[in-house]
Novice: 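Quick one: the structure is below, questions incoming.
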Amino acid sequence: MKLSPKCHSSGTTLVEVLVATLLLASFFASLFEANALCLRFVAASKQSVGAIEIVQARAEVFRNLRFTDLTTTSYVQNLLTTAANTSDFAKSATEVVKISAYPTANGVTQMTRATNGTVSLDSTATSLGSTLVKVDISQSWIAVLGGRQRTEQTSLIISNGTKK
């Protein structure tokens, strides 16, 4: 018995090639989008760390002031005209400083440093006292990831004492 020789020719159809191309394109598109998302996470983390650094730098400046300078509105307002540090992020965030007597506030002295560097006096306390003041420092910015408003804040209580 003789077997007839079978001709085995295999190939791919146009539909199979198109499906494979579509799958490959989908894979690379999702890979690039995941990479872009990771980069946005990194940028958002940089912003948060930058804000923490700026708030802490400003807090150190206030801790090192004489008490009379800290309770003088014009002195603090002039101090805020310069950014807390030289980073680009410091120029793109809004800084708000509130100073009030502690523990019982007689109003709040509030100053806002806008992104363009101008400082506005929003309110003035009737009295900041002569022994303790509370200083609230905050940074606000629009986050890279999600475009939401973010804020970093710290509070200090500073006494009128002598430095050693």
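Small disclaimer: the values here were computed from a predicted structure and weren't measured. The first residue of the sequence shown is numbered 1, and numbering continues consecutively from there.
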Novice: I need the minimum non-hydrogen distance between W141 and A51, along with the two atoms involved.
Specialist: CZ3-CB, 3.3 Å
Novice: Treating Ile, Leu, Val, Met, Phe, Trp and Tyr as nodes and any side-chain heavy-atom pair under 4.5 angstrom as an edge, say whether F67 and L128 lie in one connected cluster.
Specialist: yes
Novice: Donor-acceptor check, side chain of R113 to backbone of L80, threshold 3.5 angstrom: yes or no?
Specialist: yes
Novice: Among T118, T94, D122, find the residue that satisfies the side-chain hydrogen bond (donor to acceptor under 3.5 Å, both in side chains) test when tested with T112.
Specialist: D122
Novice: Checking D136 against S155: is there a side-chain donor and acceptor pair closer than 3.5 Å?
Specialist: yes
Novice: Side chains of L145 and L37: does their closest heavy-atom pair fall under 4.5 Å?
Specialist: yes
Novice: Hey, what do you get for CZ (R148) to CD1 (I142), rounding to the nearest 0.5 Å?
Specialist: 11.0 Å
Novice: Is it true that a side-chain atom of S123 and a backbone atom of V108 form a donor plus acceptor pair closer than 3.5 Å?
Specialist: yes
Novice: Would you give the length of the straight line joining atom OG1 of T73 to atom CD of Q110, rounded to the nearest 0.5 angstrom?
Specialist: 12.5 Å
Novice: Do L39 and F32 sit in one hydrophobic cluster, given that two such residues count as connected whenever their side-chain heavy atoms are within less than 4.5 Å of each other, even indirectly?
Specialist: no
Novice: Show the nearest heavy-atom pair for residues R58 and A83, with the distance to one decimal.
Specialist: NH2-C, 3.7 Å
Novice: Can you tell me how far OG1 of T154 sits from CD1 of I54, rounded to the nearest 0.5 angstrom?
Specialist: 14.0 Å
Novice: Would you compute the distance between atom NZ of K98 and atom CD1 of I137 and round it to the nearest 0.5 angstrom?
Specialist: 12.5 Å
Novice: Are the side chains of I99 and T71 in contact, using a 4.5 Å heavy-atom criterion?
Specialist: no
Novice: Using a 3.5 Å distance criterion without hydrogens, assess whether the side chain of T72 forms a donor-acceptor pair with backbone atoms of S74.
Specialist: no
Novice: Given L70, which partner from the list V61, I158, L156 fulfils the side-chain contact (heavy atoms from CB on, under 4.5 Å) test?
Specialist: I158
Novice: Taking S127 for its side chain and N106 for its backbone only, find out whether a donor-acceptor pair lies under 3.5 Å.
Specialist: no
Novice: Where the side chain of Q47 meets the backbone of V144, is there a donor-acceptor pair that is under 3.5 Å apart?
Specialist: yes
Novice: Give, for atom OG of S26 and atom CG of L31, the distance between the pair rounded to the nearest 0.5 Å.
Specialist: 12.0 Å
Novice: Given the rule that I, L, V, M, F, W and Y join up when any side-chain heavy atoms are under 4.5 Å apart, are V133 and L121 in one cluster?
Specialist: yes
Novice: Would a hydrophobic clustering, with Ile, Leu, Val, Met, Phe, Trp and Tyr connected at side-chain separations under 4.5 Å, put Y75 with V119?
Specialist: yes
Novice: Assess whether side-chain contact (heavy atoms from CB on, under 4.5 Å) is satisfied between E53 and Q56, documenting all intermediate values.
Specialist: CA-CA 5 Å; E53 183 179 300; Q56 291 302 318; 6.0 Å; no
Novice: Quick one: closest heavy-atom pair of A57 and A84, and the distance?
Specialist: CB-O, 4.1 Å
Novice: Kindly say whether S45 contributes a backbone atom to a donor-acceptor pair with the side chain of S48 at under 3.5 angstrom?
Specialist: no
Novice: Answer whether the closest heavy-atom distance between the side chains of V19 and L23 falls below 4.5 Å.
Specialist: yes
Novice: Mind running side-chain contact (heavy atoms from CB on, under 4.5 Å) on F62 and V76 for me, showing each step along the way?
Specialist: CA-CA 9 Å; F62 285 135; V76 175; 3.8 Å; yes
Novice: Would you say OH of Y102 has more than 12 non-hydrogen atoms from neighbouring residues, nucleotides or ligands within 6.0 angstrom?
Specialist: no
Novice: Yes or no on side-chain contact (heavy atoms from CB on, under 4.5 Å) for L65 and L79, after CA distance, side-chain angles and deciding distance?
Specialist: CA-CA 10 Å; L65 286 180; L79 184 68; 3.9 Å; yes
Novice: Nearest 0.5 Å, what's the OG1-CD distance between T21 and E16?
Specialist: 11.5 Å
